Amino acid sequence: MKLVIVLVLLVVGSFVFHWLSPWWFTPLASNWSTVDTTVDITLYITAFVFFAVNIFMAYAIYRYRFNAKRRAHYEPENKKLETWLTVITAIGVAAMLAPGLIVWADFIDVPEDADVVEVVGQQWQWSFRFPGEDGKLGEVDARYIGPENPFGMSPDDPAGSDDVLVSSNELHLPVDRPVKVNMRSKDVLHNFAVPQFRVKMDMVPGLVSYVWFTPTRTGKFDILCMELCGIGHYAMRGSVVVNEEEDFNAWLAQQPTWGQLQGRGPADTVAGKASYAVCGSCHGQSGEGNAAMNAPSLAGQSAWYVERQLNYYRQGIRGAHEKDTYGQQMVGMAQTLPDDAAVRNVSAYIATFTPHKVDSTLDGDPARGKAHYTTCGACHGASAQGNYALQAPRLAGQEDWYLKRQLQNFREGVRGSHEADSYGHQMVLMARSLQNEQSINDLLAYLNTL
Ligand code: CUA
(Lines give C-alpha, C1' and ligand atoms only; values in the text may rest on other atoms or scores of the structure.)
Protein backbone atom coordinates (compact mmCIF):
# COMPACT_ATOMS: atom_id res chain seq x y z
CA MET A 1 0.00 0.00 0.00
CA LYS A 2 2.91 2.33 0.76
CA LEU A 3 4.23 1.86 -2.75
CA VAL A 4 0.84 2.78 -4.21
CA ILE A 5 0.84 6.05 -2.27
CA VAL A 6 4.42 6.81 -3.32
CA LEU A 7 3.58 6.21 -7.00
CA VAL A 8 0.48 8.40 -6.91
CA LEU A 9 2.36 11.16 -5.07
CA LEU A 10 5.16 10.93 -7.62
CA VAL A 11 2.73 11.45 -10.48
CA VAL A 12 0.75 14.23 -8.79
CA GLY A 13 3.96 15.90 -7.57
CA SER A 14 5.49 15.88 -11.04
CA PHE A 15 2.47 17.56 -12.60
CA VAL A 16 2.16 20.14 -9.82
CA PHE A 17 5.90 20.90 -10.11
CA HIS A 18 5.58 21.38 -13.83
CA TRP A 19 2.62 23.77 -13.54
CA LEU A 20 4.00 25.77 -10.64
CA SER A 21 7.71 25.96 -11.51
CA PRO A 22 8.98 29.15 -13.14
CA TRP A 23 11.35 27.23 -15.44
CA TRP A 24 10.16 27.22 -18.97
CA PHE A 25 11.29 28.58 -22.32
CA THR A 26 12.57 32.14 -22.36
CA PRO A 27 10.16 34.22 -24.49
CA LEU A 28 10.72 33.49 -28.17
CA ALA A 29 12.54 36.11 -30.27
CA SER A 30 12.77 34.39 -33.65
CA ASN A 31 10.70 32.59 -36.27
CA TRP A 32 11.30 29.18 -34.69
CA SER A 33 7.97 28.73 -32.88
CA THR A 34 7.87 25.27 -34.49
CA VAL A 35 10.81 24.24 -32.30
CA ASP A 36 8.67 25.03 -29.26
CA THR A 37 5.73 23.14 -30.73
CA THR A 38 7.93 20.08 -31.24
CA VAL A 39 9.11 20.19 -27.66
CA ASP A 40 5.49 20.65 -26.50
CA ILE A 41 4.32 17.61 -28.47
CA THR A 42 7.12 15.49 -26.99
CA LEU A 43 6.25 16.73 -23.53
CA TYR A 44 2.51 15.95 -23.92
CA ILE A 45 3.20 12.45 -25.18
CA THR A 46 5.77 11.61 -22.50
CA ALA A 47 3.57 13.18 -19.81
CA PHE A 48 0.62 11.02 -20.91
CA VAL A 49 2.73 7.87 -20.93
CA PHE A 50 4.28 8.74 -17.57
CA PHE A 51 0.82 9.29 -16.10
CA ALA A 52 -0.73 6.17 -17.66
CA VAL A 53 2.08 3.76 -16.81
CA ASN A 54 2.52 4.88 -13.19
CA ILE A 55 -1.17 5.09 -12.39
CA PHE A 56 -1.76 1.68 -14.00
CA MET A 57 1.12 0.30 -11.95
CA ALA A 58 -0.35 1.76 -8.75
CA TYR A 59 -3.75 0.31 -9.67
CA ALA A 60 -2.28 -3.13 -10.43
CA ILE A 61 -0.34 -3.19 -7.15
CA TYR A 62 -3.47 -2.28 -5.23
CA ARG A 63 -5.91 -4.48 -7.12
CA TYR A 64 -3.69 -7.59 -7.13
CA ARG A 65 -2.07 -7.16 -3.73
CA PHE A 66 -1.23 -10.29 -1.73
CA ASN A 67 -4.15 -12.37 -0.70
CA ALA A 68 -3.59 -15.83 0.78
CA LYS A 69 -6.83 -17.08 -0.79
CA ARG A 70 -5.83 -16.09 -4.36
CA ARG A 71 -3.52 -17.75 -6.82
CA ALA A 72 -1.89 -16.10 -9.84
CA HIS A 73 -2.36 -17.35 -13.43
CA TYR A 74 0.72 -18.22 -15.40
CA GLU A 75 0.40 -16.59 -18.83
CA PRO A 76 3.78 -16.18 -20.61
CA GLU A 77 2.34 -15.29 -24.06
CA ASN A 78 -0.48 -13.02 -25.11
CA LYS A 79 -0.39 -12.24 -28.83
CA LYS A 80 -3.31 -9.85 -28.75
CA LEU A 81 -1.88 -7.74 -25.92
CA GLU A 82 1.60 -7.63 -27.47
CA THR A 83 0.29 -6.52 -30.89
CA TRP A 84 -1.76 -3.89 -29.21
CA LEU A 85 1.14 -2.51 -27.13
CA THR A 86 3.54 -2.57 -30.09
CA VAL A 87 1.14 -0.57 -32.27
CA ILE A 88 0.49 2.06 -29.58
CA THR A 89 4.19 2.41 -28.76
CA ALA A 90 5.05 2.73 -32.46
CA ILE A 91 2.46 5.49 -32.89
CA GLY A 92 3.80 7.29 -29.82
CA VAL A 93 7.43 7.14 -30.96
CA ALA A 94 6.52 8.23 -34.50
CA ALA A 95 4.50 11.13 -33.10
CA MET A 96 7.56 12.28 -31.15
CA LEU A 97 10.04 11.91 -34.03
CA ALA A 98 8.05 13.09 -37.04
CA PRO A 99 7.55 16.75 -35.97
CA GLY A 100 11.29 17.02 -35.27
CA LEU A 101 12.11 15.78 -38.77
CA ILE A 102 9.69 18.25 -40.32
CA VAL A 103 11.20 21.17 -38.35
CA TRP A 104 14.74 19.97 -39.10
CA ALA A 105 13.96 20.03 -42.83
CA ASP A 106 13.06 23.74 -42.44
CA PHE A 107 16.01 24.37 -40.17
CA ILE A 108 18.56 23.35 -42.80
CA ASP A 109 16.67 24.96 -45.70
CA VAL A 110 17.97 28.53 -45.73
CA PRO A 111 15.71 31.11 -47.46
CA GLU A 112 17.14 32.48 -50.72
CA ASP A 113 17.04 36.08 -49.52
CA ALA A 114 18.79 35.47 -46.18
CA ASP A 115 21.64 37.81 -45.20
CA VAL A 116 24.91 36.15 -44.25
CA VAL A 117 27.03 36.66 -41.15
CA GLU A 118 29.91 34.60 -39.90
CA VAL A 119 30.52 33.73 -36.26
CA VAL A 120 34.08 32.84 -35.28
CA GLY A 121 34.69 30.96 -32.04
CA GLN A 122 37.95 30.66 -30.18
CA GLN A 123 38.98 29.97 -26.59
CA TRP A 124 37.02 31.91 -25.13
CA GLN A 125 35.78 34.65 -27.35
CA TRP A 126 33.35 35.37 -30.12
CA SER A 127 33.96 37.52 -33.15
CA PHE A 128 31.88 38.19 -36.25
CA ARG A 129 32.26 38.96 -39.93
CA PHE A 130 29.80 40.49 -42.40
CA PRO A 131 30.33 40.06 -46.16
CA GLY A 132 30.25 43.79 -46.97
CA GLU A 133 28.77 45.36 -50.10
CA ASP A 134 29.54 42.50 -52.49
CA GLY A 135 27.52 40.14 -50.29
CA LYS A 136 30.39 37.62 -50.40
CA LEU A 137 32.57 36.54 -47.52
CA GLY A 138 36.22 36.49 -48.55
CA GLU A 139 38.29 33.35 -48.22
CA VAL A 140 39.94 32.59 -44.89
CA ASP A 141 42.57 30.14 -43.73
CA ALA A 142 43.89 29.35 -40.28
CA ARG A 143 47.44 29.77 -41.66
CA TYR A 144 46.96 33.52 -42.01
CA ILE A 145 45.82 34.10 -38.40
CA GLY A 146 48.03 36.47 -36.40
CA PRO A 147 47.91 39.67 -34.34
CA GLU A 148 47.44 41.78 -37.49
CA ASN A 149 44.95 39.34 -39.01
CA PRO A 150 42.87 37.70 -36.28
CA PHE A 151 40.25 36.48 -38.77
CA GLY A 152 42.80 34.71 -40.99
CA MET A 153 41.70 36.66 -44.10
CA SER A 154 43.33 35.48 -47.29
CA PRO A 155 45.47 38.27 -48.76
CA ASP A 156 44.76 37.02 -52.29
CA ASP A 157 40.97 37.12 -52.33
CA PRO A 158 39.59 40.51 -53.41
CA ALA A 159 36.10 39.52 -52.14
CA GLY A 160 37.45 39.81 -48.58
CA SER A 161 38.47 43.44 -48.86
CA ASP A 162 35.01 44.86 -48.05
CA ASP A 163 34.27 42.26 -45.34
CA VAL A 164 33.29 43.96 -42.09
CA LEU A 165 35.22 42.60 -39.10
CA VAL A 166 33.70 42.79 -35.63
CA SER A 167 36.30 42.01 -32.95
CA SER A 168 33.95 42.12 -30.00
CA ASN A 169 31.59 39.76 -28.23
CA GLU A 170 28.59 41.79 -29.36
CA LEU A 171 26.83 41.07 -32.64
CA HIS A 172 24.14 43.35 -34.02
CA LEU A 173 21.43 42.12 -36.41
CA PRO A 174 18.47 43.81 -38.07
CA VAL A 175 14.99 42.76 -36.95
CA ASP A 176 12.66 40.81 -39.29
CA ARG A 177 15.33 39.83 -41.80
CA PRO A 178 16.28 36.18 -42.22
CA VAL A 179 19.96 35.59 -41.55
CA LYS A 180 22.20 32.63 -42.21
CA VAL A 181 24.92 32.29 -39.60
CA ASN A 182 28.04 30.52 -40.85
CA MET A 183 30.25 29.19 -38.09
CA ARG A 184 33.87 28.31 -37.75
CA SER A 185 36.23 27.66 -34.88
CA LYS A 186 39.88 28.62 -34.65
CA ASP A 187 40.89 26.01 -32.11
CA VAL A 188 38.58 23.44 -30.49
CA LEU A 189 34.89 22.47 -30.55
CA HIS A 190 32.56 25.26 -29.49
CA ASN A 191 28.79 25.59 -29.81
CA PHE A 192 26.89 28.72 -30.80
CA ALA A 193 23.55 28.98 -29.01
CA VAL A 194 21.03 31.77 -28.51
CA PRO A 195 18.23 30.41 -26.34
CA GLN A 196 15.67 33.05 -27.30
CA PHE A 197 16.18 32.26 -30.99
CA ARG A 198 15.96 28.48 -30.35
CA VAL A 199 19.13 27.91 -32.35
CA LYS A 200 22.18 25.93 -31.35
CA MET A 201 24.95 24.44 -33.47
CA ASP A 202 28.38 22.93 -32.99
CA MET A 203 31.38 24.80 -34.34
CA VAL A 204 34.03 22.43 -35.62
CA PRO A 205 37.60 23.42 -36.49
CA GLY A 206 38.18 22.86 -40.18
CA LEU A 207 34.58 23.03 -41.35
CA VAL A 208 31.77 25.55 -41.66
CA SER A 209 28.47 24.75 -39.97
CA TYR A 210 25.39 26.98 -40.10
CA VAL A 211 21.97 27.85 -38.73
CA TRP A 212 19.41 30.35 -39.96
CA PHE A 213 16.72 32.36 -38.22
CA THR A 214 14.74 35.58 -38.42
CA PRO A 215 14.90 37.76 -35.30
CA THR A 216 11.33 38.88 -34.63
CA ARG A 217 11.80 41.49 -31.92
CA THR A 218 14.42 44.01 -30.91
CA GLY A 219 16.43 43.50 -27.74
CA LYS A 220 19.60 42.02 -26.38
CA PHE A 221 20.01 38.25 -26.23
CA ASP A 222 22.74 36.05 -24.79
CA ILE A 223 25.11 34.02 -26.91
CA LEU A 224 26.26 30.97 -24.96
CA CYS A 225 28.94 28.47 -25.81
CA MET A 226 27.33 25.08 -25.21
CA GLU A 227 30.33 22.83 -25.74
CA LEU A 228 32.86 22.24 -22.99
CA CYS A 229 35.88 23.95 -24.56
CA GLY A 230 38.46 24.35 -21.79
CA ILE A 231 38.91 26.12 -18.47
CA GLY A 232 37.33 29.37 -19.69
CA HIS A 233 34.29 27.69 -21.26
CA TYR A 234 31.86 29.05 -18.68
CA ALA A 235 33.05 32.59 -19.38
CA MET A 236 32.57 32.29 -23.14
CA ARG A 237 29.61 34.62 -23.41
CA GLY A 238 28.48 37.12 -25.99
CA SER A 239 25.33 38.90 -27.02
CA VAL A 240 23.17 39.55 -30.04
CA VAL A 241 21.58 42.98 -30.18
CA VAL A 242 18.60 43.04 -32.52
CA ASN A 243 18.07 46.55 -33.88
CA GLU A 244 15.71 48.33 -36.22
CA GLU A 245 17.23 48.35 -39.72
CA GLU A 246 18.37 51.98 -39.39
CA ASP A 247 20.22 51.48 -36.08
CA PHE A 248 21.76 48.32 -37.40
CA ASN A 249 23.11 50.10 -40.48
CA ALA A 250 24.54 52.88 -38.31
CA TRP A 251 26.32 50.31 -36.13
CA LEU A 252 27.62 48.35 -39.11
CA ALA A 253 29.03 51.50 -40.72
CA GLN A 254 31.20 52.06 -37.64
CA GLN A 255 32.92 48.68 -37.93
CA PRO A 256 36.17 48.48 -39.90
CA THR A 257 36.48 46.55 -43.14
CA TRP A 258 39.40 44.27 -43.83
CA GLY A 259 40.48 46.66 -46.59
CA GLN A 260 40.64 49.56 -44.12
CA LEU A 261 42.64 47.51 -41.62
CA GLN A 262 45.07 46.40 -44.32
CA GLY A 263 45.37 49.91 -45.69
CA ARG A 264 46.92 51.03 -42.42
CA GLY A 265 50.24 49.42 -43.33
CA PRO A 266 52.74 48.49 -40.64
CA ALA A 267 52.73 50.46 -37.39
CA ASP A 268 55.11 53.44 -37.25
CA THR A 269 57.50 52.94 -34.33
CA VAL A 270 59.19 56.31 -34.95
CA ALA A 271 55.91 58.12 -34.43
CA GLY A 272 55.27 55.72 -31.53
CA LYS A 273 58.54 56.70 -29.90
CA ALA A 274 57.56 60.38 -30.00
CA SER A 275 54.21 59.64 -28.33
CA TYR A 276 55.95 57.44 -25.76
CA ALA A 277 57.91 60.38 -24.31
CA VAL A 278 54.92 61.18 -22.05
CA CYS A 279 54.49 57.55 -20.98
CA GLY A 280 58.23 57.30 -20.28
CA SER A 281 58.06 59.89 -17.51
CA CYS A 282 56.33 57.28 -15.32
CA HIS A 283 57.04 53.94 -16.98
CA GLY A 284 60.73 54.71 -17.70
CA GLN A 285 62.32 55.50 -21.05
CA SER A 286 62.86 51.82 -21.81
CA GLY A 287 59.64 50.67 -20.17
CA GLU A 288 61.40 49.38 -17.07
CA GLY A 289 58.62 50.52 -14.72
CA ASN A 290 58.79 52.64 -11.58
CA ALA A 291 57.38 51.45 -8.28
CA ALA A 292 57.51 54.96 -6.77
CA MET A 293 55.15 56.15 -9.52
CA ASN A 294 53.04 52.99 -9.39
CA ALA A 295 53.96 52.49 -13.03
CA PRO A 296 54.37 48.86 -14.08
CA SER A 297 57.05 47.56 -16.40
CA LEU A 298 56.04 47.61 -20.06
CA ALA A 299 59.14 45.92 -21.43
CA GLY A 300 58.34 42.54 -22.91
CA GLN A 301 54.65 43.23 -23.53
CA SER A 302 53.28 42.46 -26.97
CA ALA A 303 51.83 45.20 -29.12
CA TRP A 304 48.41 43.52 -29.31
CA TYR A 305 48.07 43.49 -25.53
CA VAL A 306 49.24 47.06 -24.96
CA GLU A 307 46.97 48.24 -27.78
CA ARG A 308 43.95 46.51 -26.28
CA GLN A 309 44.61 47.98 -22.82
CA LEU A 310 45.11 51.50 -24.19
CA ASN A 311 41.86 51.19 -26.12
CA TYR A 312 40.08 49.93 -22.99
CA TYR A 313 41.30 52.99 -21.08
CA ARG A 314 40.20 55.26 -23.91
CA GLN A 315 36.77 53.64 -24.13
CA GLY A 316 36.15 53.59 -20.38
CA ILE A 317 36.29 49.78 -20.25
CA ARG A 318 39.30 49.81 -17.94
CA GLY A 319 40.05 52.39 -15.26
CA ALA A 320 36.45 53.54 -14.95
CA HIS A 321 35.86 51.95 -11.53
CA GLU A 322 35.81 54.53 -8.74
CA LYS A 323 38.27 52.51 -6.67
CA ASP A 324 40.76 52.16 -9.51
CA THR A 325 42.84 55.26 -8.72
CA TYR A 326 45.83 54.32 -10.87
CA GLY A 327 43.57 53.17 -13.67
CA GLN A 328 41.89 56.56 -13.65
CA GLN A 329 45.29 58.20 -14.18
CA MET A 330 45.83 55.95 -17.16
CA VAL A 331 42.44 56.92 -18.61
CA GLY A 332 43.65 60.51 -18.72
CA MET A 333 47.01 59.54 -20.19
CA ALA A 334 45.53 57.22 -22.82
CA GLN A 335 43.21 59.97 -23.94
CA THR A 336 46.17 62.14 -24.89
CA LEU A 337 46.70 59.72 -27.78
CA PRO A 338 44.62 61.36 -30.50
CA ASP A 339 43.49 58.37 -32.57
CA ASP A 340 43.70 54.63 -33.24
CA ALA A 341 46.83 55.07 -35.32
CA ALA A 342 48.64 56.75 -32.42
CA VAL A 343 47.60 53.92 -30.08
CA ARG A 344 48.85 51.36 -32.54
CA ASN A 345 52.16 53.14 -33.10
CA VAL A 346 52.96 53.60 -29.43
CA SER A 347 52.03 49.96 -28.75
CA ALA A 348 54.38 48.81 -31.49
CA TYR A 349 57.14 50.97 -30.03
CA ILE A 350 56.60 49.55 -26.52
CA ALA A 351 56.86 46.06 -27.99
CA THR A 352 60.46 46.82 -29.04
CA PHE A 353 61.67 47.11 -25.40
CA THR A 354 63.76 44.26 -24.05
CA PRO A 355 62.32 42.47 -21.02
CA HIS A 356 64.49 42.34 -17.94
CA LYS A 357 64.72 40.54 -14.61
CA VAL A 358 62.69 42.13 -11.81
CA ASP A 359 63.32 42.23 -8.05
CA SER A 360 60.90 40.54 -5.76
CA THR A 361 59.20 42.74 -3.19
CA LEU A 362 56.88 40.12 -1.68
CA ASP A 363 57.36 37.31 0.75
CA GLY A 364 56.05 34.10 -0.76
CA ASP A 365 56.85 30.45 -1.21
CA PRO A 366 57.69 29.69 -4.86
CA ALA A 367 57.13 25.96 -4.39
CA ARG A 368 53.53 26.47 -3.31
CA GLY A 369 53.14 29.20 -5.93
CA LYS A 370 54.11 26.76 -8.65
CA ALA A 371 51.01 24.67 -7.92
CA HIS A 372 48.77 27.76 -8.14
CA TYR A 373 50.41 28.73 -11.40
CA THR A 374 49.33 25.53 -13.19
CA THR A 375 45.93 27.07 -13.93
CA CYS A 376 47.43 30.42 -14.98
CA GLY A 377 49.98 28.67 -17.16
CA ALA A 378 47.24 27.06 -19.23
CA CYS A 379 46.72 30.45 -20.83
CA HIS A 380 49.77 32.59 -19.98
CA GLY A 381 52.24 29.84 -20.89
CA ALA A 382 54.40 27.51 -18.83
CA SER A 383 57.14 30.13 -18.56
CA ALA A 384 54.65 33.03 -18.42
CA GLN A 385 55.71 34.15 -21.88
CA GLY A 386 52.13 35.06 -22.89
CA ASN A 387 50.00 33.52 -25.62
CA TYR A 388 48.41 35.49 -28.42
CA ALA A 389 46.02 32.67 -29.38
CA LEU A 390 44.39 32.90 -25.94
CA GLN A 391 44.90 36.66 -25.67
CA ALA A 392 46.90 36.08 -22.50
CA PRO A 393 49.64 38.68 -21.89
CA ARG A 394 53.20 37.96 -20.85
CA LEU A 395 53.65 37.88 -17.05
CA ALA A 396 57.37 37.09 -16.82
CA GLY A 397 59.39 40.19 -16.05
CA GLN A 398 56.41 42.07 -14.61
CA GLU A 399 56.78 43.63 -11.15
CA ASP A 400 55.15 41.53 -8.45
CA TRP A 401 53.60 44.53 -6.66
CA TYR A 402 51.80 45.45 -9.87
CA LEU A 403 50.53 41.93 -10.52
CA LYS A 404 49.39 41.70 -6.92
CA ARG A 405 47.36 44.86 -7.23
CA GLN A 406 45.83 43.66 -10.49
CA LEU A 407 44.91 40.28 -8.98
CA GLN A 408 43.30 42.08 -6.05
CA ASN A 409 41.49 44.42 -8.43
CA PHE A 410 40.19 41.46 -10.39
CA ARG A 411 39.08 39.70 -7.21
CA GLU A 412 37.18 42.76 -6.04
CA GLY A 413 35.73 43.55 -9.47
CA VAL A 414 37.66 46.84 -9.61
CA ARG A 415 39.12 45.57 -12.86
CA GLY A 416 37.37 43.27 -15.31
CA SER A 417 33.77 43.94 -14.30
CA HIS A 418 32.93 46.22 -17.22
CA GLU A 419 30.38 44.62 -19.51
CA ALA A 420 32.61 44.89 -22.57
CA ASP A 421 35.71 43.50 -20.86
CA SER A 422 35.26 39.84 -21.68
CA TYR A 423 38.94 38.96 -21.09
CA GLY A 424 38.68 40.76 -17.75
CA HIS A 425 35.65 38.63 -16.79
CA GLN A 426 37.76 35.53 -17.24
CA MET A 427 40.44 36.99 -14.98
CA VAL A 428 37.89 37.92 -12.32
CA LEU A 429 36.86 34.27 -12.17
CA MET A 430 40.46 33.04 -12.23
CA ALA A 431 41.69 35.51 -9.61
CA ARG A 432 38.91 34.45 -7.25
CA SER A 433 40.23 30.91 -7.32
CA LEU A 434 43.23 32.13 -5.29
CA GLN A 435 42.18 31.68 -1.70
CA ASN A 436 43.90 34.53 0.11
CA GLU A 437 46.72 37.03 0.11
CA GLN A 438 49.28 34.36 0.92
CA SER A 439 48.27 32.37 -2.17
CA ILE A 440 48.80 35.50 -4.25
CA ASN A 441 52.23 36.09 -2.72
CA ASP A 442 53.23 32.48 -3.30
CA LEU A 443 52.08 32.64 -6.89
CA LEU A 444 54.02 35.85 -7.53
CA ALA A 445 57.11 34.47 -5.82
CA TYR A 446 57.00 31.64 -8.33
CA LEU A 447 56.47 34.06 -11.24
CA ASN A 448 59.61 35.93 -10.18
CA THR A 449 61.63 32.79 -10.80
CA LEU A 450 60.51 32.57 -14.44
CU1 CUA B 1 33.58 27.60 -26.29
CU2 CUA B 1 32.64 26.34 -24.51
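For ligands, and for the atoms within them, numbers begin at 1 and follow the listed sequence. Only a predicted model underlies this, so the values are computations on that prediction, with no experimental measurement involved.
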Please tabulate, for side-chain N and O atoms in residues 233-246, each donor-acceptor pair with protein atoms closer than 3.5 Å (sequence neighbours left out).
| unit_1 | atom_1 | unit_2 | atom_2 | d |
| --- | --- | --- | --- | --- |
| H233 | ND1 | E227 | O | 2.9 |
| N243 | OD1 | H172 | ND1 | 2.6 |

Suppose we screen for side-chain hydrogen bond (donor to acceptor under 3.5 Å, both in side chains). Which residues come up paired with Y276, at least two apart in sequence or across chains? none
Going through the distances and angles, do K136 and D134 end up as a salt bridge (Lys or Arg N to Asp or Glu O under 4.0 Å)? CA-CA 5 Å; K136 255 178 80 180; D134 63 359; over 6 Å; no
With the threshold set at 4.0 Å, does a side-chain nitrogen-carboxylate oxygen contact exist between K180 and D115? no
Partners meeting salt bridge (Lys or Arg N to Asp or Glu O under 4.0 Å) with R415 (sequence neighbours left out): none
What protein N/O/S atoms are there under 2.8 Å from atom 2 (Cu) of ligand 1, waters excluded? C225 SG, E227 O, C229 SG, H233 ND1
Side chain to side chain donor-acceptor pair (under 3.5 Å) with S422: which of E170, Q125, Q391? Q125
